[in-house]
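Notes for the one structure printed next.
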Amino acid sequence: MQKTFDNILTKTIKENLQTKYIGQNIFYKEETSSTNTDAKKLAKENAPNGSLVIAETQGAGRGRLDRNFFSPKGKGLWFSLILRPKFKIEDAPKCTLLAAVAVALAMEETGVKPEIKWPNDIMRGNKKLVGILTELVTLSANDYAVIVGIGINVNFTESDFPEDIRNIATSLAIIKGENVERAKFLQRILFFTEDLYDKIETEGFGEILNLWRKFSVTLNKNIRVINAGDKREITGRALDIDEDGALIVKSDGKIIKVLAGDVSIREVGN
Ligand code: BTN
């Protein structure tokens, strides 16, 4: 993958980018299979901390739980960040929370209220706007990189979505009634990512967790969650997320910690 600035999207991202390292190195492709796959390869080839891998379209965009992620040309932001954290590898999954909060803060500035649904989707009502897929790359015994892949439905119209996801997906443009400038929006996401990432070193993850709680539409609701591992259905009250982003659910008087899964908010009794 070439590092290139000879296209309008990367040129505009670079102009007045308010960061020191996040997004300062851009790897751009008009078309790729998955920016996460590209980013993993680049991480192994020593791409610097904060590198941005972005494509106009992905032929095989990947979602959580082995799902596909629809990423048509020019309609959204499909990108991955390569992070080389100094903190211990056990803390790496928290980069997903960081990413969700950074996108939420940037989205708030566009006038669209972000609703984070556990674990890391950003929604409008029950329709999805943003998905995040975080993956780890082990480089040596003491060295690793985190790939944070973010997909945002920015300028889709209703008919741009295939029929099978039209009822479960939406876009910023549909909500706002006008298009959003992708490069400017991405610049703000990169800015907030760097700001939160820098603070981890001095202050830990406290601010990220608190902001995540603030934007959450899952907490303090009666929910049904399908546990990713054993596919068990758990119903109960979502109380909180713990330090690692696991969902704490009170179900039949018992406290259960759910590490990964799919959550739906129950209609009754919220
Ligand atoms: C999900 O909602 O399940 C996560 C979706 C993550 C999609 C993004 S798009 C950019 C990056 N490249 C991928 O293949 N996936 C992530």
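Indexing begins at 1, ligand by ligand and atom by atom, following the structure's order. Along the sequence shown, the residues carry numbers beginning at 1.
The two residues Ser34 and Gln58 have their closest heavy-atom pair at CA-OE1, 3.4 Å.
Using the six-membered ring where Trp is involved, Phe161 and Phe70 have ring planes that are tilted, between 30° and 60° apart.
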Please tabulate, one line per pair, the protein N or O atoms found under 3.5 Å from any N or O atom of ligand 1, giving the distance to one decimal.
residue: ligand 1; atom: 2 (O); partner: Lys128; partner atom: NZ; Å: 2.4
residue: ligand 1; atom: 3 (O); partner: Arg64; partner atom: N; Å: 2.6
residue: ligand 1; atom: 12 (N); partner: Thr35; partner atom: OG1; Å: 3.1
residue: ligand 1; atom: 12 (N); partner: Gln58; partner atom: OE1; Å: 2.9
residue: ligand 1; atom: 14 (O); partner: Ser34; partner atom: OG; Å: 2.7
residue: ligand 1; atom: 14 (O); partner: Arg62; partner atom: N; Å: 2.7
residue: ligand 1; atom: 15 (N); partner: Arg62; partner atom: O; Å: 2.7

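In this structure, Arg188 is positioned above the aromatic face of Phe192, its NZ or CZ under 6.0 Å from the six-membered ring centre and within 45° of the axis. Arg182 forms no cation-pi arrangement with Phe185, by the criterion of a distance under 6.0 Å to the ring centre and an angle within 45° of the ring axis.
The closest donor-acceptor contact from the side chain of Gln187 to the backbone of Gln18 lies at 3.5 Å or more, if one exists at all.
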Can Asp160 and Thr157 be said to form a side-chain hydrogen bond (donor to acceptor under 3.5 Å, both in side chains), step by step? CA-CA 5 Å; Asp160 290 327; Thr157 59; 3.1 Å; yes
